[in-house]
Every structure is written in C-alpha cells, then in structure tokens.
> 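One structure, as structure tokens, below. Some questions next.
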2 protein chains.
Amino acid sequence: MNAQRYFRPNVQALQPYVPGRQAAPGKTIKLNTNENPYPPPPAVVEAIRQAAGGSLNRYPDPLASGLRMAIAKTLDLPGPEWVLAGNGSDEILTLLVRGLVGENQQLRLPTPSYILYRTLADIQAAQWDEVPFEPDWSLPDSFWQSDPNVRLVMLPNPNSPSGSVVAPEEIEQRSQDLHCPLLVDEAYADFADSNCLDLVRRNEHIMVSRTFSKSYALAGVRMGYLVAQPSLIEQLIKIKDSYNCDALAIAAATAAMLSQDWLSDVVAKIRTTRERMWSRLQEMGFDVLPSQGNFVWCTHPSARHAWMHEQLSQSQILIRYMNYPGFGDGLRISVGTDDQIDACLMMLQRLVRQCEVTS
Amino acid sequence: MNAQRYFRPNVQALQPYVPGRQAAPGKTIKLNTNENPYPPPPAVVEAIRQAAGGSLNRYPDPLASGLRMAIAKTLDLPGPEWVLAGNGSDEILTLLVRGLVGENQQLRLPTPSYILYRTLADIQAAQWDEVPFEPDWSLPDSFWQSDPNVRLVMLPNPNSPSGSVVAPEEIEQRSQDLHCPLLVDEAYADFADSNCLDLVRRNEHIMVSRTFSKSYALAGVRMGYLVAQPSLIEQLIKIKDSYNCDALAIAAATAAMLSQDWLSDVVAKIRTTRERMWSRLQEMGFDVLPSQGNFVWCTHPSARHAWMHEQLSQSQILIRYMNYPGFGDGLRISVGTDDQIDACLMMLQRLVRQCEVTS
C-alpha cells in the first residue's frame with residue numbers, strides 16, 4: 001500500500017517544479033539559476049556574524065520591522081506597512097495564491113515564464129489560465145480580460161527566460177480592466193530600466209514582489225518581499241507563519257538594503273557584461289533578445305540547443321536549457337563574471353562551428 | 001473601497017494566531033514563548049560564521065541533504081529520505097495541511113492545545129474537529145474515531161499548555177482505527193521521558209515533527225523537520241518551496257544536531273529547574289500539572305490569572321496567560337534560568353499573598 005493515497009488528488013498528480021541544478025562550488029561555472037556571480041555586500045557578512053552571537057535562542061521579530069523600515073525608506077514608500085517580508089519571494093508568491101485563489105478558481109499567467117506559478121496553482125487545487133506572449137514578447141488583449149473566476153494575475157517583469165519588459169504605463173492602464181489583483185514579479189527589476197513601484201502607490205490592485213537572491217547576491221539567505229497597499233499586507237500577515245523569516249536573514253537583508261552604493265556598482269558591472277554577451281552571441285549567429293534581467297535568452301538557427309547545453313555541461317559550464325510546449329526551446333545564460341562568460345562564449349563558439357560543419 | 005475583498009472569504013474572516021510578545025532583550029525576563037534560556041551550542045555560532053563567509057550568492061541545497069543525514073544518523077532512522085527539513089516546524093505543519101486537507105475537509109486536533117492548528121485549517125478553508133481532552137488530559141475515544149472527512153489528525157505530545165503526554169503505546173494502538181495520517185507534534189519531546197520515533201518506522205500513517213527552536217535554543221534560526229516514511233516525504237517535497245531552508249539555518253541546525261552532549265546537559269538543567277518550579281508552585285497553593293515540556297501550566301484557586309499575568313508583566317516578567325473557551329484560564333510559565341525562575345516565583349509568591357489578604 002502506498003501512503004501517497006492520503007494526499008489530495010491534485011497533490012498526487014503534481015509534477016514538481018525542478019529548480020536548476022546546484023553544483024559543488026569551485027570547479028563549475030554556474031550560469032543556470034540567475035544567481036549573482038559576485039559575493040554579497042561586505043556589510044552583510046558582518047551583520048550575520050554579529051547576529052550569530054546575539055539572541056538566537058529567542059524568536060525573531062514576526063514582522064521583521066527593522067527590515068521593513070529599511071525597505072520602505074530606500075524605496076521611498078509611504079511606510080513599513082506597505083512591505084511584507086517573506087522567506088524568499090517564492091514564499092510571497094505562495095502566500096498570494098493561498099490567500100486569493102480558492103479551489104477551482106483561476107490564476108492567470110503568461111507563458112513562457114516562471115513555471116512555479118503553475119505549480120502553486122496546482123498545489124492549491126486551483127486552475128491556471130496560461131496566456132501565450134505574442135512573438136514580440138508583448139501581451140495579447142486576452143491577458144487583460146476580466147473574468148470573475150480569475151482571482152490573481154501574475155506577471156514577471158522583466159520576464160524569464162526572455163528578459164523582456166512590459167512598460168509600466170501599459171501595465172497600469174490595461175490592468176484597470178482586470179477586477180482582480182495583479183502581482184508584478186520584479187525579481188529582476190534592479191537590472192532593468194523601469195519598474196512598477198510607483199503603480200503600487202496609486203493602485204490598490206497592483207502589487208510588486210522583489211527578492212534579495214539576484215541583485216543583492218543573497219540567494220543562500222532566502223529573503224524576498226512584497227510591496228502592496230497596507231490593506232492587502234494585513235490580510236497576508238494573517239496567513240503567513242508567525243516567524244517566517246529568521247533572525248540571520250533579517251539581519252543580512254537589512255544590511256544589504258543599506259548597501260545601495262554596492263548595489264549600483266554590481267548592477268552596472270552585470271549590465272555591462274550582459275551587453276557584451278548580447279553582441280558576441282549575435283556575432284556567432286544566435287538570435288538574442290535584448291535583456292533587462294541578469295541573463296540572456298538565445299536560440300540558434302541550428303536548433304541544437306539541447307546538445308549545446310549538454311556539451312557545455314560536460315565542460316563544467318552549467319547553463320539552462322528550456323523547452324516550452326507549443327513555443328520551442330532555447331538557452332538561458334545567466335550573466336556571470338567576465339571570466340566566466342568568456343569561457344562560456346568560447347565554448348559556445350566552438351559548438352556553433354561544429355554545427356556549421358555538420359549542417 | 002477596501003482591498004481585503006479580493007481575499008478568499010475564509011481568509012477575510014480569519015482571526016490571526018497571535019504569537020507570544022517579543023521584547024527587547026536584556027531588561028525583560030521572558031518566560032512566555034517556551035524559548036530556551038541558554039545560548040545555542042558554541043559549534044552553531046561557529047558554523048554560521050563560516051557559512052556567512054561562504055557562497056551566500058548561491059541558492060542553498062533544496063533538500064538540506066547534509067542536515068537530513070545528520071538527523072537520520074542521530075535519531076537512528078533508516079536514512080535521510082525519512083526526513084524533511086522545514087522553515088521551522090510551523091512550515092512542516094503548514095505543508096501537511098496543504099498537502100492532505102482540502103477545502104471543507106477536516107483537520108482533527110485536541111483542545112486545549114496549539115492554537116495554530118485551527119488557524120492552518122481556516123487558511124485552507126478546511127474545517128477543524130476539536131476534541132476536548134479529558135479532565136486528566138487523556139484523550140477520549142472520539143479522538144480516535146474514524147471519519148472519512150477527517151484527513152489529518154494533529155496531536156502535540158507533550159501537549160502545550162498542559163505539558164502532559166499520551167503514551168506512545170496508546171498512540172500506536174488507537175491510531176490504527178483512524179484511516180488517516182496522524183502527526184505527533186514533538187516540539188517538546190527532548191524534554192520528555194518518551195517519544196514516538198519508533199512508531200514512524202512501523203506505521204506509515206504516523207509522522208513526527210520536531211523543532212530546533214526549543215531544546216536546541218535556535219528559535220531565531222527557524223528550523224524544524226518531519227520524520228515520516230519516504231512515500232509521504234516525497235509528496236511533501238513536491239509542495240514545499242524549492243529553497244525553503246536557507247544556507248545559514250542549514251549550517252546552524254547541522255552543527256546543533258552534532259552537539260548531542262550539549263543537548264543532554266541543557267535538557268538536564270531545564271528538567272531540574274522544571275521540577276523545582278513544580279514544587280515551589282505547589283507550596284504556594286497553585287494547582288500544577290507535572291510537565292514533560294520546558295514549561296509549567298498552573299492555575300490558582302483565586303482564579304486571578306489575568307491579574308497575576310498583568311502584574312508580572314508590569315515588573316518586566318513575561319509569562320503566558322491562556323484562556324480557552326469552555327475550559328478556563330491559567331498561566332503557562334516557560335522554564336528559564338534558575339535566576340529568572342527565582343525572580344518569577346518571588347513575584348508570584350507576593351501576588352498570591354495579596355490574593356489571600358483580599359479574599
């Protein structure tokens with residue numbers, strides 16, 4: 001007898017979200033999960049070391065008040081009550097689905113985008129309404145259509161894998177028709193030219209989620225947050241675990257938020273490397289989208305993406321191979337250090353030549 | 001217009017779980033949330049400091065494999081696949097409710113016990129079937145009755161606030177009739193004379209949750225775990241966030257798990273203080289239950305519990321005042337250091353005398 005029968009049918013049937021491969025650090029060039037290749041701000045390491053010698057036997061602040069204040073101040077929000085800290089922005093997404101979408105109700109999302117959204121709907125025994133991006137990565141009208149059964153819309157902006165952005169003006173205007181909340185998932189917004197924070201102040205139905213995993217180089221620490229109007233934050237506080245963020249992560253993220261000069265420098269470096277990747281990949285014959293994230297999405301006319309991914313992997317260079325049903329496949333390469341990217345590009349160049357010889 | 005209308009009706013109606021008050025460390029004697037009064041094992045602080053200088057820009061191990069192995073080895077389990085690490089044992093409870101109990105299905109729990117269980121059912125739009133303990137804190141037959149709509153039973157053992165224990169033999173025998181999984185919440189088991197780990201090996205429907213917050217003095221770090229048969233763990237892995245435990249917490253908990261000598265010493269100290277509290281409170285005229293946790297539940301014939309709690313609070317001594325509908329109220333006092341407990345007992349002695357004078 002198998003104990004899985006105890007679980008809800010939607011959970012038994014669930015295809016789990018598979019995160020990008022982790023590897024022992026050191027040997028591998030890891031360009032597959034959009035991590036920051038640089039170490040976090042020095043103030044973060046010091047803050048963690050101090051917190052480690054503090055009162056770890058005591059429960060942490062349930063609301064991470066100090067961090068909320070630092071975020072509100074840095075982002076020029078009206079106050080800390082506009083912020084909810086979460087155990088990674090994945091937890092923020094989970095809380096939103098649990099709070100807003102009941103069984104058999106719908107979560108709307110664009111595709112190709114972050115696969116986790118669908119998984120979260122499945123866990124909830126909710127349905128997902130997947131709207132394909134247009135070929136130019138703009139959103140079709142149907143994405144903005146009101147539907148009483150759609151209780152939440154999620155829009156990653158910049159989107160992954162494409163790195164494309166929907167303009168804040170369009171989001172503000174078109175989302176008025178939705179009649180349900182819209183989450184703009186801004187995991188990559190620090191690398192972009194625009195963001196939707198201003199929209200949250202003016203629109204009670206627009207929320208923005210952010211993470212410390214990418215731009216702040218703190219994927220290991222698990223900290224994300226939601227920016228939304230206080231009446232929404234209040235409801236989410238009721239459903240989060242009492243102590244969802246640990247004392248060390250709170251200390252780390254607070255120190256990171258106060259390291260804005262560090263952030264500007266690192267983001268500038270990553271953007272520079274990104275543009276270089278873009279040019280070089282184009283020169284090699286890839287179709288490359290201009291990216292607003294810390295990664296680049298590319299396809300090659302040979303379409304031998306899975307093979308290229310495998311060859312790179314054998315050379316200890318991990319990038320992400322993505323294959324979306326009804327859309328096609330391609331390669332998503334995180335922006336690493338210049339050395340890492342040089343190694344990856346050199347290897348790709350060799351693979352492209354092999355494709356040309358055999359075709 | 002209030003944006004809370006977007007939320008599911010069960011969430012709008014939710015009365016949030018209110019955790020015990022946190023206070024600035026230093027001035028206050030904090031005996032209200034069953035924290036460990038002693039600092040965590042020295043190896044933990046060192047492990048965190050090392051991890052802080054490591055690869056925090058990288059995502060943590062999604063399954064916390066090293067920690068699972070340390071737990072499996074220490075608890076003599078067949079293997080790491082019998083363990084699931086969670087962001088505090090609260091997350092373990094949350095995952096179980098989400099995985100097993102659908103809308104309008106039931107979660108069974110005893111009362112008075114941990115209020116969070118009810119909250120978790122409410123968030124899920126599930127119902128709770130609350131079964132009162134007998135006056136001697138044993139479980140009535142109805143707790144073990146099979147019901148197709150009851151999809152999960154939660155039993156805190158030792159229970160809070162009572163500190164009482166249901167014998168593992170009784171749990172194993174009676175739970176055979178349930179036809180659904182039983183979670184034995186062993187947050188306090190390290191302070192008790194018995195536990196249910198052996199039952200998990202023999203029964204696919206029995207699971208045990210544990211936490212590092214109490215006995216290991218790591219409430220600030222957020223780490224708990226589930227011990228269950230691998231086919232159950234597999235399903236839960238599908239519904240947890242990919243990176244639910246951060247790298248620092250994993251390092252801390254692994255070091256704690258390897259500090260078994262420290263654990264024995266600290267648990268012995270706490271048990272000694274607990275027995276002293278028990279005797280002294282009895283001498284003062286309290287009705288005190290023998291406790292198997294790191295806290296003592298007591299009531300006084302004067303029934304002026306709320307007043308005593310308030311008076312202590314004004315003297316910077318925080319204990320927990322509990323009032324359960326249909327059961328009554330009382331005081332739950334966490335086992336602190338001997339000095340903290342002396343201060344609390346002295347103050348209580350004074351308050352008891354005032355009651356005697358005025359009655």
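Here the structure is a predicted model, which is why all the values come from computation and not from measurement. In what follows, chains are A, B, ... by sequence order, proteins preceding strands, each numbered from 1.
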> Taking Arg58(A)'s backbone N and O only, do any of them form a donor-acceptor pair with Lys30(B)'s side chain (distance below 3.5 Å, no angle check)?
no
> Charged N to carboxylate O below 4.0 Å: is that the case for Glu204(A) and Arg5(B)?
yes
> Backbone N or O of Asn36(A) within a donor-acceptor pair of the Asn57(B) side chain at under 3.5 Å?
yes
> Using a 3.5 Å cut-off and no angle test, enumerate the donor-acceptor pairs between side-chain atoms of residues 118-125 of chain B and protein atoms at least two apart in sequence or in another chain.
unit_1, atom_1, unit_2, atom_2, d
Arg118(B), NH1, Glu130(B), OE2, 2.7
Asp122(B), OD1, Trp128(B), NE1, 2.9
Gln124(B), NE2, Val101(B), O, 3.1

> Output the distance between atom CG (Asn87(B)) and atom CG (Asn244(A)), rounded to the nearest 0.5 Å.
7.0 Å
> Please flag which part of Arg151(A) lies under 4.5 Å from any non-hydrogen atom of chain B: side chain, backbone, both or neither.
side chain
> Please confirm whether the backbone N or O of Cys245(A) pairs with a side-chain atom of Arg222(B), one donor and one acceptor, at under 3.5 Å?
no
> Looking at Pro230(B), Gly53(B), Ala217(B), Ala228(B), which has the largest count of heavy-atom pairs under 4.5 Å with chain A?
Ala217(B)
> Donor-acceptor check, side chain of Lys238(A) to backbone of Val11(B), threshold 3.5 angstrom: yes or no?
yes
> Between Leu248(A) and Ile48(B), which heavy-atom pair has the shortest distance, and what is it?
CD1-CD1, 3.7 Å
> Roughly how far, to the nearest 0.5 Å, is the CZ atom of Phe7(B) from the CG atom of Leu236(A)?
4.0 Å
> Between His205(A), Glu234(A), Gln229(A), who has the most heavy-atom pairs with chain B when the cutoff is under 4.5 Å?
His205(A)
> Backbone N or O of Gly99(A) within a donor-acceptor pair of the Arg8(B) side chain at under 3.5 Å?
no
> Can you give me the closest heavy-atom contact between Leu100(A) and Tyr6(B), atom names plus distance?
CD2-O, 3.4 Å
> Relative to chain A, which segment of His179(B) carries a heavy atom at a distance below 4.5 Å: side chain, backbone, both, or neither?
backbone
> If every non-hydrogen atom of Ala3(B) is compared with every non-hydrogen atom of Ser231(A), which pair is closest and at what distance?
CB-OG, 3.3 Å
> For the side chain of Glu35(B) and the backbone of Tyr59(A), is there at least one donor-acceptor N/O pair under 3.5 Å apart?
yes
> At a 4.5 Å cut-off on heavy atoms, which part of Tyr38(A) comes close to chain B: side chain, backbone, both, or neither?
backbone
> Heavy-atom pairs under 4.5 Å with chain A are the metric here; pick the option from Leu14(B), Asn10(B), Leu93(B) that has the most.
Leu14(B)
> Once side-chain contact (heavy atoms from CB on, under 4.5 Å) is applied, do any residues pair with Asn104(A), and if so which ones, sequence neighbours excluded?
Gln127(A)
> Which bit of Gln235(A) is near chain B, if near means a heavy-atom gap under 4.5 Å: side chain, backbone, both or neither?
both
> Based on non-hydrogen pairs under 4.5 Å, which of Gly88(A), Ala247(A), Pro181(A) is most in contact with chain B?
Pro181(A)
> Going through the distances and angles, do Asp241(B) and Thr94(A) end up as a side-chain hydrogen bond (donor to acceptor under 3.5 Å, both in side chains)?
CA-CA 8 Å; Asp241(B) 287 343; Thr94(A) 300; 2.9 Å; yes
> Measure Gln4(B) against the heavy atoms of chain A and call it side chain, backbone, both or neither at under 4.5 Å.
both
